[in-house]
Amino acid sequence: MKEYSGSLAGVPWRGYLCERPEDLNRFMEWVEAQRGTVCFDTETQGLKIYSTGPGFLRLAQFGTATEAWVIPVELGPAFRTAATRALRRLPSLTGHNVIGFDGLVVDEHLGVKLEEFCPKTQDTMITAKLLDPRSPEAGGMGAKLKPHSAYFIDPSAPDTEEGLTEVFRELGYTKKSGLGWIHIPWNHPTYVEYAMLDVILGSRLLVAHMAEIERRGVRRALIDYEREISRMCAIMTRAGMYVDDEYTATQYGVLDAEVSKYLAVAERYGVTSVNSPAQVASALQAMGETLTKKTKSGKSLSVDGSVLRRLADVTDKWERIGSRTPNPLANAVLRATRAGKWKTTYLDTFLHERDPRGYIHPNIQTLEARTGRMSITKPAVQTLPSGDSMIRRCLLAEPGHVFVSVDFQAVEMRVLAALAGVKKMKAALIAGEDLHGYTASLVFGPDYTPAHRKVAKGIGLGKVYGGGADHVAGQTGAPVADVRRAMATYDSVYPEIKQASNRWQREARQQGLVTVSATGRHLPLDRERMYAVVNYQCQSAARDVLGQALIHMDEKGLLPFLRLPIHDEVLASVPRGEAEEVAREIERCMTFDLMGVPIISEAEVGGRSWGSLYGADF
DNA sequence: CTTCTCACG
DNA sequence: ACGTACGTGAGAAGT
């Protein structure tokens with residue numbers, strides 16, 4: 001046994017590194033004596049839980065506010081058994097991102113399943129996000145352990161992540177290679193000390209977060225609710241999705257050929273890098289085109305898709321417009337960049353993220369956006385192209401299964417109607433009217449045209465996003481003056497939207513620029529964009545409508561079928577013979593009343609590939 | 001690291 | 001006083 005000690009915020013701590021099997025006896029005695037919440041953390045060979053061999057889990061750490069134990073699982077079966085038994089015996093656990101990462105690690109590498117682990121585990125990532133959901137870039141604290149330790153425990157607490165990176169550098173490993181996490185000796189003093197500090201800090205952080213949540217009046221029920229969401233999403237990550245490698249390789253070749261073909265065309269016009277906006281802009285000007293649109297920063301001429309499509313005379317669905325002679329360079333740049341992006345961003349990631357069984361395990365961050373929305377990375381399966389089935393066809397349901405996708409119908413508009421109490425909108429939704437058609441009839445009269453309906457829909461979306469007439473006009477193609485007039489009528493028909501916006505803004509100012517969502521989330525606003533409160537309220541409540549639906553699905557035993565949450569949709573892998581029945585059950589879980597407004601959903605049953613739901617045959 | 005672009009809801 | 005499109009992840013180029 002090697003002993004460590006130190007002090008945080010003036011309170012001393014002691015740490016114990018179990019070096020020999022006999023050291024584990026004292027650890028197990030300590031485990032048996034624990035009655036309170038113990039912080040758990042792991043050190044691993046990186047982040048690829050499913051693609052690394054049995055040596056992936058290196059250290060398992062357990063700690064209270066003043067005491068830490070490090071179990072080097074890699075030393076052999078006795079250590080492994082001790083860590084496993086501790087996880088099973090300890091009555092209450094906590095940790096930082098412990099459900100989304102360490103829980104998956106012990107599920108896969110120690111056989112302590114998420115179903116057993118999660119119900120007794122708190123996660124300080126959740127409390128951190130409930131206190132401030134903003135990233136550092138957005139002016140928040142972020143959710144990393146370091147800023148939280150510094151703010152809530154001890155400003156001089158070491159940055160263990162940064163500190164280890166430094167140690168790795170001294171040992172000759174670059175940060176990017178990740179080799180430090182694999183090769184640093186299990187008993188390296190800094191590695192061990194920081195492993196201990198992480199659980200001591202994590203243990204103290206839970207107490208500090210709970211006190212702060214109480215102090216600020218953040219709704220406590222959100223903590224347990226978010227833990228359930230986090231557990232369900234971890235179970236979806238564990239299930240993963242199968243990659244059709246044969247099909248993926250074929251499409252890789254198709255896209256490669258497309259890239260080569262159009263790179264050659266671009267080169268004829270002097271463009272050697274189609275991803276260089278500066279090169280593309282000057283080459284287009286040399287061909288006699290006039291560019292007027294500026295980029296967001298105003299520093300350069302924009303050559304984004306909308307500009308290039310106009311020059312190439314194609315719509316966003318590649319249909320000829322017929323308003324001019326297509327510019328061949330614009331066409332080549334569009335085609336080459338799209339094919340290149342699809343190849344590298346999607347196909348490459350599918351192949352690289354695959355585990356030995358051929359499955360990807362998308363990482364679901366359950367509280368990532370500042371509105372509480374989820375995000376998914378590695379791969380970013382929320383953002384696969386939807387206008388073409390090519391990319392989604394790479395992903396398959398389980399053998400013998402088909403994909404079922406269930407969408408909420410216009411959920412953000414319904415949430416707006418509910419939260420803002422928009423009388424006529426609510427009445428129309430209760431009556432089962434086509435909302436945008438109904439709005440068009442109010443704004444343009446009973447003889448409204450499809451173009452009128454499109455404008456009405458655009459204005460509705462503009463209200464949810466806080467957009468103005470210029471943007472709605474740009475999106476719908478209607479003249480700005482017409483849109484302006486229609487928006488004025490819209491406001492008089494649905495006056496409660498503006499009233500709610502004013503009320504939310506006033507209340508947010510009283511709360512220190514924080515708006516409280518319908519479910520009790522505290523969402524900080526930016527002083528110069530207070531109008532965004534309407535969007536924050538709608539987006540955040542819509543996220544919780546999905547969260548509530550997920551809870552319904554778990555209660556009905558549907559969780560094993562679920563694969564992904566996608567904002568207003570869930571994707572499920574279901575045995576072919578039960579697909580229709582399960583689709584209807586998921587629909588029911590996604591159907592309920594929100595403050596007098598019906599929230600409804602619609603299921604689609606596809607084939608084995610995800611692409612089958614996007615126009616492909618299988 | 002920032003800027004630009006593009007994929008999604 | 002007035003009006004403001006919202007939220008993400010990811011890759012390539014260039015500083």
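Reminder, nothing fancy here: chain letters follow the sequence lines and each chain counts from 1. The structure displayed is predicted, hence computed values, not measured ones.
- The distance between atom CD of A:Q382 and atom C1' of B:dA7, rounded to the nearest whole Å, is 12 Å.
- One interatomic measurement links the two molecules: CZ of A:R335 to C1' of B:dC6, which rounds to 16 Å at whole-angstrom precision.
- A salt bridge links A:E226 and A:R521; the closest N-O separation between the charged side-chain nitrogens and carboxylate oxygens is under 4.0 Å.
- A:R414 has no carboxylate O lying under 4.0 Å from a charged side-chain N of A:D568, or vice versa, which leaves the two without a salt bridge.
- Side-chain contact check for A:T127 versus A:H96: every heavy-atom pair is 4.5 Å or farther apart.
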Please tabulate, for the side chains in residues 504-512 of chain A, all donor-acceptor contacts under 3.5 angstrom to protein atoms that are two or more places apart in sequence or on a different chain.
residue, atom, partner, partner atom, Å
A:Q505, NE2, A:S501, OG, 3.1

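- Taking 4.0 angstrom as the limit, A:T337 places none of its side-chain polar atoms (N or O) nearer than this to OP1 or OP2 of B:dT5.
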What pairs of donor and acceptor atoms, side-chain ones from residues 256-263 of chain A against any protein atom, are under 3.5 angstrom apart with sequence neighbours left out?
residue, atom, partner, partner atom, Å
A:D256, OD1, A:K343, NZ, 3.2
A:S260, OG, A:D256, O, 3.0

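- If you take CG of A:N275 and P of B:dA7, they are 12 Å apart, rounded to a whole angstrom.
- Look at A:S302 and you'll find a side-chain N or O under 4.0 angstrom from OP1 or OP2 of B:dT5.
- If you check B:dT5, B:dG9, B:dC8 against the side chain of A:P277, the one that comes closest is B:dT5.
- Rounding to whole angstrom units, CG of residue A:L334 and C1' of B:dC4 are separated by 15 Å.
- In summary, contact between chain A and DNA chain C, defined as any nucleotide atom under 4.0 Å from a heavy atom of the protein, begins and ends at C:dT4 to C:dG14 in the 5' to 3' direction.
- Residue A:D304 is tested with A:K294, A:R309, A:K296, A:K293 for a salt bridge (Lys or Arg N to Asp or Glu O under 4.0 Å); the sole match is A:K293.
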